[in-house]
Amino acid sequence: SYFRKYLLQCMMKSGYEVIYICRHQGQIWIYLNEKLLNQYKYCWNNFSKARQCIKEFQGDGKIIIWNSLGFGSIRFYLLIRFGILKSFVIYDIFDYFYYDEQSKIRLLKYKIINAIYQLTAKRTIVISHKLRDIYKKAYWLNNASHMMKKKTKLIYNRIGIVSSIDRRFDFNLVNNIAQSIPHIEIVIYGRILRNDKDLTQKMSLLVTANENVKWFGKYSNDELGNILSIVDIGLVPYITDSILTKYINPDKYFHYLCYG
């Protein structure tokens, strides 16, 4: 994810060597700084190879960043964790993981894995201060933005929405805004979570019903500056009074404010 990408770059600028580990398309990818070092098929037989690669790297002034391993890769995490006993592990929690889970069996699995991470990590950090109601001993590390203040002051008569399109997205709010100000264009950037059919249909209806609404689909975070440069107002249309949004602290707030 882009957060890990910028964290990696920040650590490198601070003089650290960084191993970056991610699970992608059924494989474990290991990067040294920003160069791909090794990739292994994600299976038990290859875990020891990946661990050895990481173990050879460990030492003072070196940092390991994990991405997309989380709840789906607990066996690999434990193999690494107890294979590198001197490591200082930080459990980074950016959301309330259970809000969108329908299966009671998967929910139980997630809660067990969450407990394992808390027990094996030396520190826990949360991105929303409300999450400290759940993780009592966690440190709160607020969200942030890499955006710089906008240089131009042109008026575009355009509202911008940069968001993940999931069950938290308030389609009714966007529809009401669009109909109340038909002379203002609303541009939406963001992918639909898991290509969900219900969400896809809602987005299609929103765009069809309002000529001033345009949806451009998935975007890269590197494009964010260009997107924000052509809008006057940034909107974060999340539903309210819901467990879905109780514990979030969207980086979009920070991007919009920093960009001006």
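This chain uses plain numbering: 1 for the first residue, then up along the sequence. Both backbone and side-chain heavy atoms feed into the values below; hydrogens, waters and symmetry mates do not.
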For this session: Kindly say whether Tyr16 contributes a backbone atom to a donor-acceptor pair with the side chain of Ser14 at under 3.5 angstrom?
Result: no
Exercise. Could you give all pairs that pass the ring pair (Phe, Tyr, Trp, His ring centres under 6.0 Å) test and reach residues 191-214, with sequence neighbours left out?
Worked result: none
Exercise. Once you round to the nearest 0.5 Å, how far does NZ of Lys246 lie from CD1 of Ile243?
Worked result: 5.5 Å
Problem set entry | Side-chain heavy-atom pair Ile161, Pro237 within 4.5 angstrom cut-off | yes
Exercise. Do the side-chain N and O atoms of Ser229 and Tyr259 include a donor-acceptor pair separated by under 3.5 angstrom?
Worked result: no
Problem set entry | Leu244 backbone acceptor or donor facing Ser242 side chain under 3.5 Å | yes
Problem set entry | Hphob cluster co-occupancy, Leu32 + Ile64, side-chain heavy atoms under 4.5 angstrom | yes
Exercise. Have Asp166 and Tyr238 got a donor and an acceptor in their side chains that come within less than 3.5 Å?
Worked result: no
Exercise. Do other residues, nucleotides or ligands put more than 12 heavy atoms under 6.0 Å from Ile105 CD1?
Worked result: no
Exercise. In terms of hydrophobic clusters joined by side-chain contacts under 4.5 Å, are Val231 and Leu235 together?
Worked result: no
Exercise. Hey, what do you get for CZ (Phe76) to CG (Asn46), rounding to the nearest 0.5 Å?
Worked result: 9.5 Å
Problem set entry | Within 6.0 Å of CG in Asp198, more than 12 heavy atoms from elsewhere | yes
Exercise. Is it the case that Lys62 places NZ or CZ above or below the six-membered ring of Phe57, under 6.0 angstrom from the centre and within 45 degrees of the axis?
Worked result: yes
Exercise. Considering residues at least two apart in sequence or located in another chain, which fulfil the salt bridge (Lys or Arg N to Asp or Glu O under 4.0 Å) criterion with Lys130?
Worked result: none
For this session: Determine yes or no for a side-chain-to-main-chain donor-acceptor pair under 3.5 angstrom, with Asn175 supplying the side chain and Phe171 the backbone.
Result: no
For this session: Spell out, as yes or no, whether a donor-acceptor pair under 3.5 Å connects the side chain of Ser128 to the backbone of Tyr247.
Result: yes
For this session: Could you verify whether a donor N or O on one side chain and an acceptor N or O on the other, from Asp232 and Asn157, lie under 3.5 Å apart?
Result: no
Problem set entry | Distance, nearest 0.5 Å, that separates CD1 of Ile184 from CD1 of Ile233 | 7.5 Å
Exercise. Are Leu228 and Tyr219 linked, directly or through other ILVMFWY residues, by side chains that come within less than 4.5 angstrom of each other?
Worked result: yes
Seminar exercise, completed: Separation between CD (Glu223) and CG (Asn221), nearest 0.5 Å, reads 9.5 Å
For this session: First locate atom CD1 of Ile54, then atom CD1 of Ile30, and finally report the distance between them rounded to the nearest 0.5 Å.
Result: 4.5 Å
Exercise. Is there a donor-acceptor contact under 3.5 Å from the side chain of Ser180 to the main chain of Ile177?
Worked result: yes
Exercise. Without hydrogens or angle criteria, can the side chains of Asn114 and Tyr91 be said to hold a donor-acceptor pair below 3.5 Å?
Worked result: yes
For this session: Look at the rings of Tyr189 and Phe216 and say which category their plane angle falls in: under 30° parallel, 30 to 60° tilted, over 60° perpendicular.
Result: parallel
Seminar exercise, completed: Value for CD1 (Ile188) from NZ (Lys214), rounded to nearest 0.5 Å, stands at 11.0 Å
Problem set entry | Backbone of Met203 reached by a side-chain donor or acceptor of Trp215 within 3.5 Å | no
Problem set entry | Ring center gap for Phe254 and Tyr256 short of 6.0 angstrom | no
For this session: Give a yes or no answer on whether the side chain of Arg81 reaches the backbone of Thr120 with a donor-acceptor pair at less than 3.5 Å.
Result: yes
